Trainee: 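Just passing along the structure, written as structure tokens.
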Amino acid sequence: MAEEIAGTDTPIKTPDVPEKPALEGLEDKLNAAWREEQVYHFDEDTDRSQVYSIDTPPPTASGSLHVGHMFSYTQTDVMARYKRMSGCNVFYPLGWDDNGLPTERRVQNYYGVRCDPSKPYIEDYTPPEKPAKNQRDWDVISRRNFIELCEALTVEDEKVFEDLFTRLGLSVDWRQTYRTIDDASRAASQKAFIRDVQSGNAYTAQAPTLWDITFRTAVAQAELEAKERPGAYHRYPFTTAEGEKVFIETTRPELLPSCVALVAHPEDERYKPLFGKTVTSPLFGVEVEVKAHQLADPEKGSGIAMICTFGDMTDVTWWRELQLPTRALIGRDGRFSRETPEWITTEQGRANYEQLAGKTVHSAKEAVVEMLKAEDLLDGEPKSITHAVHFYEKGDKPLEVVTSRQWYIRNGGRDADRREQMLARGREITWHPGFMRSRYENWVEGLNGDWLISRQRFFGVPIPVWYPLDESGELDYENPILPSEEQLPVDPASEAPAGYEESQRDAAGGFTGEADVLDTWATSAITPHIAGRWERENDFFEKVFPYDLRPQGHDIIRTWLFASAVRANSLNGSVPWTNTAISGWILDPDRKKMSKSKGNVVVPNDVLDKFGTDAVRYWAASAKLGADTAYEEGQFKIGRRLAIKLLNASKFAFGMGVTEEHIVTDEAGAGVVTQPLDRALLARLKALVEQVTARFEDYDYARALSMTESFFWQFTDDYVELVKDRAYGGQGEEAQASVRAAMATTLDTLLRLFAPVLPFATDEIWRWWRSGSVHAADWPTAAGFETAAGESETLEAVAEALAAVRRAKSEAEVKQRHAITSATLTLPQAQVTHVESALEDLKAATKAEALTLSAGGEAPELSQAEYAAPEA
RNA sequence: GGAUCUGUAGCUCAGUUGGUUAGAGCGCACGCUUCACACGCGUGAGGUCGAUGGUUCGAGUCCAUUCAGAUCCA
């Protein structure tokens with residue numbers, strides 16, 4: 001209880017310590033207190049120099065919670081807490097990513113609804129009470145209605161995350177949350193898009209595009225995943241005018257009717273004579289030219305390949321650079337065109353194509369192979385190989401390449417200057433750890449095109465454009481109609497552009513709305529803008545942008561990190577943040593990445609129940625940034641032990657009469673610390689504070705923690721054991737005052753040093769003897785007790801001497817508390833003075849009635865020990 | 001094929017700019033219910049630092065080669 005003392009400004013609190021300190025129950029109690037006291041609120045009345053802003057990853061609220069969340073979010077929180085205590089006004093918002101496929105699926109299944117952007121918006125729509133069993137019976141609703149349902153449902157999901165994150169002790173300012181699908185986010189995303197269109201950074205083009213036939217959408221390079229799949233080289237001949245056979249080997253024989261040319265390396269002697277000549281394709285009888293291009297690999301197959309439009313992105317390159325015709329046959333549904341193409345002219349060829357019309361890629365392949373076999377054109381059996389095939393990261397069918405009109409954002413993939421600019425941006429950011437930058441550079445250097453941002457999905461942030469229709473009803477893609485910024489957010493599928501009536505939708509002379517939505521990364525790339533109220537409150541934005549820190553996982557450097565850099569570059573002409581902290585992954589004890597499908601996921605709440613939050617945070621904070629970490633329950637135990645030890649050691653100190661007023665804060669106070677051992681402790685403490693601070697400044701919270709931890713264990717195991725007698729008053733008042741001051745100062749500093757990692761235990765203790773919260777306290781410096789710091793070697797020497805006595809007792813098989821009537825301690829000359837200066841403490845701690853010091857030897861050693869007779 | 005990371009005690013890891021005898025925790029062995037803590041305390045055993053070669057007075061640390069594992073990119 002705090003006692004008001006008349007006439008003083010600083011009421012001294014009598015420490016109020018529970019009989020049996022425990023970690024249980026601290027989370028609820030302290031979280032409530034922090035909320036009440038608004039400890040983590042961002043102060044908007046500030047300027048940029050005081051602010052430390054963090055662009056936190058918005059978790060997918062409809063996704064599952066796993067220990068990986070606790071791991072990486074804790075690492076960020078540790079830094080946030082450090083910065084807050086260091087005097088920064090920390091802007092630490094958190095958002096929810098509820099824009100995208102996972103939410104789309106969840107909303108569909110939960111309510112039994114489907115989105116069709118062409119449907120009109122229904123006011124006060126209520127979903128079916130129970131979702132219909134059959135998807136065909138689901139309600140079909142407008143995009144706006146769908147988004148409203150999403151907003152309603154994700155509130156529930158977000159609650160679960162918020163509860164976990166609160167329990168984890170994240171010092172987030174919960175007033176600063178955002179959702180990537182809410183009005184403000186959609187408006188910001190659309191505004192950013194419009195700005196990029198206006199500045200020429202976004203454009204629309206008709207181009208070959210990677211296409212997922214299951215999801216029926218275009219996908220971007222960043223969403224690709226190469227998977228090893230079995231395939232087979234099929235070898236069959238084209239024929240020259242002279243009747244000579246030219247064999248090609250292909251894993252995709254079904255693309256033969258799409259063939260537009262053959263290609264070989266310009267230096268390939270085998271094919272040089274053929275360049276410029278034409279050959280005729282088997283089965284379909286189409287004449288194609290033999291071309292030369294350096295991307296053709298002489299080592300691969302027969303060294304000559306067929307170019308089809310389009311089998312893969314290399315085909316696209318050849319098609320573009322060799323200016324070949326387009327003969328596309330695979331449609332957006334992944335099936336071959338039902339119409340026989342006009343470039344197949346022979347009767348036999350047209351008949352053969354009939355066999356493929358309407359077939360899936362898989363069946364078409366079988367059909368082509370059958371036909372080749374039937375005509376005895378296949379040379380030998382297909383050769384089985386394993387090769388990398390491109391998949392959409394969420395898809396399970398190989399991607400096809402189809403030609404379609406899409407929106408792109410310039411990212412350096414087609415322009416060397418911009419690429420160099422993005423590399424330079426990467427160098428403006430400080431990476432933690434530094435080597436992660438090469439992931440970024442690798443990615444930027446490997447870009448092969450601009451960022452495709454349109455998605456043919458229903459749910460997401462609509463691309464905010466309309467296209468005029470001319471008198472004949474043709475779409476004019478070159479002159480898209482953009483909304484005014486005041487109109488945002490807008491849904492072009494259900495709202496008409498300015499100057500048009502809804503009745504003119506899809507009518508000649510009218511307009512049509514863009515049906516596509518933006519890639520979710522296009523929106524999450526502007527989380528700094530969304531959380532920072534960009535273009536809503538620009539005063540505010542300027543106080544937080546560019547942010548100080550972007551924490552995230554290394555798996556999304558190519559997506560989230562790069563996309564954010566691209567957009568800040570074009571929207572703001574700067575980096576989005578000056579530091580990025582890349583956390584590692586959680587691996588299971590067998591070193592496999594934890595994932596739901598492997599069934600090795602640990603439920604966060606169970607772990608928190610079992611070990612307590614501080615223990616889990618300790619585990620997360622012990623891992624360096626960027627290092628993948630095994631899930632080790634042993635680490636939780638150590639963290640738990642540390643937190644409990646801190647409670648108990650503090651209880652002991654307060655039991656010795658330590659109070660707030662004993663803390664050494666100035667030179668006058670320093671005079672109280674008279675004992676060399678106590679002064680040595682403070683010397684060690686001073687060094688510790690300096691080192692730990694330096695580690696934190698370098699984002700190396702893990703090293704900072706381990707240094708604080710080992711100091712603490714030496715404090716309890718050696719120092720506290722040595723001074724117990726003195727603390728009880730065994731050596732008089734002055735000696736007791738000295739130990740109280742040293743202990744109070746050390747405890748005060750330790751609580752602050754541990755606070756970022758162990759927020760619950762430290763604040764619990766803080767509240768026993770202080771007012772307010774340790775988390776609102778300043779980061780410690782040695783300034784206040786500097787003059788009380790003596791020679792740290794004393795502590796080291798006395799601790800070694802203590803260990804020597806303990807060893808002797810252990811070897812003599814007597815109990816540690818057994819009294820020594822007399823003994824000689826031999827120790828190196830350099831240590832004698834130090835040990836002498838704390839001889840009374842050493843004798844008391846070892847129950848030695850007489851202890852003679854003698855110089856000599858390499859290390860302290862006890863000899864000629866006489867022990868008291870055993871107690872009866 | 002290109003790039004990055006990792007390899008240190010049975011296990012998980014730390015080892016700052018090269019500097020005495022390589023550290024911690026867990027686990028293990030032995031002992032101790034000592035007035036903060038048995039969710040504890042004390043003591044001990046345990047490593048030719050992946051391998052080879054080099055630079056250096058001196059290499060776990062720097063360089064080269066190599067082996068093994070992981071990740072990213074093509």
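Note that the structure is a prediction, hence the values are computed from the model and not measured.
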Trainee: When the C1' atoms of B:A70 and B:G50 are considered, how many whole Å apart are they?
Mentor: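 My reading of the C1' atoms in B:A70 and B:G50 gives 15 Å.
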Trainee: Show your reasoning for whether side chain to side chain donor-acceptor pair (under 3.5 Å) applies to A:Glu228 and A:Thr386.
Mentor: CA-CA 6 Å; A:Glu228 289 294 321; A:Thr386 309; 5.5 Å; no
Trainee: Roughly, in whole Å, what's the span from CG in A:Asp555 to C1' in B:U4?
Mentor: 15 Å
Trainee: Is there a side-chain polar atom (N or O) of A:Tyr631 under 4.0 Å from OP1 or OP2 of B:C11?
Mentor: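 For A:Tyr631, the contact criterion (side-chain N or O under 4.0 Å from OP1 or OP2 of B:C11) is not met.
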Trainee: Going through the checks in order, is the side chain to side chain contact (heavy atoms under 4.5 Å, CB included) test met by A:Leu210 and A:Val401?
Mentor: CA-CA 5 Å; A:Leu210 287 160; A:Val401 179; 4.1 Å; yes
Trainee: What interatomic distance, in whole Å, is found between P of B:U65 and the corresponding atom of B:A22?
Mentor: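 Here B:A22 and B:U65 have their P atoms 30 Å from each other.
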Trainee: Distance between the C1' atoms of B:G46 and B:A9, in whole angstroms?
Mentor: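 B:G46 and B:A9 have their C1' atoms separated by 6 Å.
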Trainee: Rounding to a whole Å, what distance do you find between A:Gln552:CD and B:U71:P?
Mentor: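 In whole Å, B:U71 P lies 19 Å from A:Gln552 CD.
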Trainee: Cation-pi check for A:Tyr233 against A:Lys300: NZ or CZ below 6.0 Å from the six-membered ring centre and within 45 degrees of the axis, yes or no?
Mentor: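 So A:Lys300 doesn't make the cation-pi contact.
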Trainee: The side chain of A:Ile638 lies closest to which of these nucleotides: B:G25, B:A36, B:U71?
Mentor: B:G25
Trainee: Taking the same atom, C1', in B:C26 and in B:A45, what whole-Å distance lies between them?
Mentor: 16 Å
Trainee: Take atom P in B:G31 and the same atom in B:G19, then report the distance between them in whole Å.
Mentor: 41 Å
Trainee: Between B:U34 atom C1' and A:Phe652 atom CZ, what is the distance in whole Å?
Mentor: 12 Å
Trainee: Rounding to an integer number of angstrom, what distance separates B:U71 and B:U52 when you compare their C1' atoms?
Mentor: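 27 Å, rounded to whole Å.
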Trainee: Could you tell me how the ring of A:Trp769 sits relative to the ring of A:Phe654: parallel (under 30°), tilted (30 to 60°) or perpendicular (over 60°)?
Mentor: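 Answer is tilted, since the angle falls between 30° and 60°.
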Trainee: In what stems does RNA chain B take part, counting only runs of at least 3 consecutive Watson-Crick or G-U pairs whose two distances fall under 3.5 Å?
Mentor: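 In RNA chain B, stems of three or more pairs: B:1-7 with B:67-73, B:10-13 with B:23-26, B:28-32 with B:40-44, B:50-54 with B:62-66.
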Trainee: By nearest atom, which of the nucleotides B:U33, B:C73, B:C11 is closest to the A:Arg558 side chain?
Mentor: B:C73
Trainee: State yes or no: are the ring centers of A:Phe711 and A:Tyr719 separated by less than 6.0 Å?
Mentor: no
Trainee: Does B:G31 have OP1 or OP2 under 4.0 Å away from a side-chain N or O of A:Lys815?
Mentor: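 Negative; the distance criterion is not met.
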Trainee: Of all the nucleotides listed (B:A3, B:U12, B:C35), which has the minimum atom distance to the side chain of A:Tyr728?
Mentor: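 Nearest nucleotide to the side chain: B:C35.
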Trainee: A:Ala844: what forms a side-chain contact (heavy atoms from CB on, under 4.5 Å) with it, not counting sequence neighbours?
Mentor: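 Partners of A:Ala844 under the side-chain contact (heavy atoms from CB on, under 4.5 Å) test: A:Asp725.
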Trainee: Output the single nucleotide from B:C73, B:A36, B:G15 whose closest atom is nearest the side chain of A:Lys624.
Mentor: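 In terms of side-chain proximity for A:Lys624, the closest of B:C73, B:A36, B:G15 is B:G15.
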Trainee: What interatomic distance, in whole Å, is found between P of B:C30 and the corresponding atom of B:U20?
Mentor: 36 Å
Trainee: Side chain of A:Ser438: nearest nucleotide among B:U4, B:A14, B:C72?
Mentor: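 Of B:U4, B:A14, B:C72, B:U4 is nearest to the side chain of A:Ser438.
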Trainee: Looking only at the side chain of A:Lys724 (C-beta and beyond, no hydrogens), which of the listed nucleotides B:A74, B:C26, B:A36 gets closest?
Mentor: B:A36
Trainee: Is the ring pair A:Tyr82/A:Phe696 parallel, tilted or perpendicular, if the boundaries are 30 and 60 degrees?
Mentor: parallel
Trainee: A:Trp619 vs A:Phe71 aromatic rings, parallel, tilted or perpendicular, using cut-offs 30° and 60°?
Mentor: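 Rings of A:Trp619 and A:Phe71: tilted, 30 to 60°.
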Trainee: Could you tell me if A:Arg550 sits above the aromatic ring of A:Trp560, with its cationic atom closer than 6.0 Å to the ring centre and no more than 45 degrees from the axis?
Mentor: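 Here A:Arg550 passes the 6.0 Å and 45° test against A:Trp560.
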Trainee: In whole angstrom, give me the gap between the C1' atoms of B:G18 and B:C62.
Mentor: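 The answer is 7 Å between these two C1' atoms.
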Trainee: Take nucleotides 38-45 of chain B nucleotide by nucleotide from the 5' end and write B, S or -, depending on whether a protein heavy atom sits under 4.0 Å from the base, only from the sugar-phosphate, or from neither.
Mentor: SBSSBSS-
Trainee: Let me know which of A:Ile663, A:Val723, A:Leu681 forms a side chain to side chain contact (heavy atoms under 4.5 Å, CB included) with A:Met743.
Mentor: A:Val723
Trainee: If I compare all heavy atoms of A:Lys809 with all of A:Arg817, which pair ends up nearest, and what's the gap?
Mentor: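 Residues A:Lys809 and A:Arg817, closest heavy atoms: NZ-C, 4.4 Å.
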Trainee: Scan A:Gln221 against the nucleic acid and name what it touches under 4.0 Å (heavy atoms): base, sugar-phosphate only, or nothing.
Mentor: sugar-phosphate
Trainee: Heavy atoms under 4.0 Å, any strand shown: does A:Ser706 hit a base, just sugar-phosphate, or nothing?
Mentor: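 Contact class for A:Ser706: none.
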